[in-house]
**Student:** 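Okay, handing you the structure first.
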Number of protein chains: 2
Amino acid sequence: MATERNTAQRRAILEGLARTAGFISARDLHAAVGGQGTTVSLATVYAQLRRLVEAGQVDVVMTERGESLFRRCATDAHHHHLSCRECGATVDIDAPLLERFTAELGERTGYDDLSHVLELTGRCPACRAQ
Amino acid sequence: MATERNTAQRRAILEGLARTAGFISARDLHAAVGGQGTTVSLATVYAQLRRLVEAGQVDVVMTERGESLFRRCATDAHHHHLSCRECGATVDIDAPLLERFTAELGERTGYDDLSHVLELTGRCPACRAQ
DNA sequence: GTTTGTGCAAATATTTTGCACTTGA
DNA sequence: TCAAGTGCAAAATATTTGCACAAAC
């Protein structure tokens, strides 16, 4: 039985994920965790993320460029957000348009049990001003 | 104006894609093309695929492992895919609704340089029938 | 004390790039 | 002719792995 050890690095990574609103790359998570007290190697970030994904505690999506993005699984209500790729500021988004879109899609394609992941990134007004 | 030159390599790559039923990786396409008379370098396969993708003549999807898969496609517009989580079958989706949504979002939030990752999964009619 | 996790550096895999050479129009 | 395309090898990017050491239990 593989019991997870409660190491300082694992704690730091879980906190980093908890502090993050949406999806985050391994590289960015590594940077975010490094900013705090503990230092964690990138290899350990990957190792922990892999365990968390296997345990079903973390979600993964692939960007178009082949980069994996991770987030702790949300059990709460389904919603989306837009986050600034420079400063990390996030804005919540009500997406009735998107929900309608998926519903329509099911009818048109014959697929059912549809689910979607939408990750939006951009540059916020403050960062743009610089 | 970028006019595409009709090189032997480009022809071989297009024929390779035409001979392929579904999606194919750059590596496999390179191997398939090499089997025929002409030899084409892997770098050229990538270069041509990139042009074809930019021209909207070829589709790309990402595997879970971050490998790009290509296939010649009918639609020219930017679009996404809905894939069956059981058998992997993929359907093209034109998403003018989504594009409009992101454009609107930019105006409403003041964010610019928006990009999105949209992952759609469901169960296809064939798998549902079982 | 044993087993799991960590960190480093090196390996792997995919894709891109710099640059000299070739070729299509 | 000459810009666009090609091929090679090297670089860039993302992720994994081997192995010695450290730490959790």
**Student:** Shortest non-hydrogen contact from A:A12 to A:V40?
**Tutor:** CB-CG2, 4.3 Å

**Student:** With sequence neighbours excluded, what pairs up with B:T121 under the side chain to side chain contact (heavy atoms under 4.5 Å, CB included) test?
**Tutor:**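 B:T121 satisfies side chain to side chain contact (heavy atoms under 4.5 Å, CB included) with A:S115, B:S83, B:R85 only.
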
**Student:** How would you list, by chain and number, every residue that makes a salt bridge (charged side-chain N to carboxylate O under 4.0 Å, His left out) with B:D112, sequence neighbours excluded?
**Tutor:** A:R123, A:R128

**Student:** Can you check the A:R10 CZ to D:dA24 P distance for me, whole Å?
**Tutor:**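 Rounding to the nearest Å, CZ of A:R10 and P of D:dA24 are 14 Å apart.
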
**Student:** CD of A:E4 versus C1' of D:dC25: gap in Å, rounded?
**Tutor:**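 So the two atoms are 14 Å apart, to the nearest Å.
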
**Student:** Could you state the atom-to-atom distance from CG of B:D28 to P of C:dT14 in whole Å?
**Tutor:**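 Going from CG in B:D28 over to P in C:dT14 covers 9 Å.
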
**Student:** Could you check how far CG of A:L52 sits from P of C:dT4, rounded to whole Å?
**Tutor:**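 In whole Å, C:dT4 P and A:L52 CG are 17 Å from each other.
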
**Student:** Would you indicate, yes or no, if D:dA22 has its OP1 or OP2 atom less than 4.0 angstrom from a side-chain nitrogen or oxygen of A:Q9?
**Tutor:** no

**Student:** Tabulate protein N/O versus nucleotide N/O from nucleotides 22-24 of chain C, keeping only pairs under 3.5 Å, one per line.
**Tutor:**
unit_1: C:dG24; atom_1: N2; unit_2: B:R5; atom_2: NH2; d: 3.1

**Student:** So, is B:T44 close to the D:dG7 phosphate, meaning a side-chain N or O under 4.0 Å from OP1 or OP2?
**Tutor:**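 Affirmative; the distance criterion is met.
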
**Student:** I'd like a table of donor-acceptor pairs (distance under 3.5 Å, sequence neighbours excluded) in which one partner is a side-chain atom from residues 20-27 of chain A, with atom names and distances.
**Tutor:**
unit_1: A:T20; atom_1: OG1; unit_2: A:G16; atom_2: O; d: 2.8
unit_1: A:S25; atom_1: OG; unit_2: A:D28; atom_2: N; d: 3.1
unit_1: A:S25; atom_1: OG; unit_2: A:D28; atom_2: OD2; d: 3.4

**Student:** I'd like to check the side chain to side chain contact (heavy atoms under 4.5 Å, CB included) partners of B:A103; sequence neighbours left out, ordered by chain and number.
**Tutor:**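 With neighbours one apart ignored, the set is empty.
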
**Student:** Polar-atom pairs under 3.5 Å, protein N or O versus N or O of nucleotides 15-17 of chain D: list them with distances, or write none.
**Tutor:**
unit_1: D:dT15; atom_1: OP1; unit_2: A:S68; atom_2: N; d: 2.9
unit_1: D:dT15; atom_1: OP1; unit_2: A:S68; atom_2: OG; d: 2.8
unit_1: D:dT15; atom_1: OP2; unit_2: A:Y46; atom_2: OH; d: 2.5
unit_1: D:dT15; atom_1: O5'; unit_2: A:Y46; atom_2: OH; d: 3.4

**Student:** Using the test side chain to side chain contact (heavy atoms under 4.5 Å, CB included), find all partners of B:A89 that sit at least two apart in sequence or belong to another chain.
**Tutor:**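 Scan of B:A89 (side chain to side chain contact (heavy atoms under 4.5 Å, CB included), adjacent residues dropped) gives A:Y111, B:C84, B:C87.
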
**Student:** Rounding to 10 degrees, work out the angle separating the end axes of the helix from C:dG1-D:dC25 to C:dA25-D:dT1 (five pairs an end).
**Tutor:**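 About 30°, once rounded to a multiple of 10°.
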
**Student:** Rounding to an integer number of Å, can you tell me how far A:E64 CD sits from D:dT13 P?
**Tutor:** 18 Å

**Student:** Would you mind writing out the side-chain donor-acceptor pairs for residues 44-54 of chain A within the sub-3.5 Å range, not counting sequence neighbours?
**Tutor:**
unit_1: A:T44; atom_1: OG1; unit_2: A:S41; atom_2: OG; d: 3.1
unit_1: A:Q48; atom_1: OE1; unit_2: A:R10; atom_2: NH1; d: 2.7

**Student:** Sequence neighbours excluded, which residues qualify as side chain to side chain contact (heavy atoms under 4.5 Å, CB included) partners of A:S68?
**Tutor:** A:V60, A:M62, A:F70

**Student:** Can you give me the closest heavy-atom contact between A:D59 and A:C73, atom names plus distance?
**Tutor:**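 Result for this residue pair: OD1-SG, 3.2 Å.
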
**Student:** For B:H116, give me all partners under ring-ring contact (aromatic ring centres under 6.0 Å, His included), at least two apart in sequence or on another chain.
**Tutor:** B:H78, B:H80

**Student:** Kindly say whether B:L120 contributes a backbone atom to a donor-acceptor pair with the side chain of B:H81 at under 3.5 angstrom?
**Tutor:**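 Here the side-chain-to-backbone pair does not exist.
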
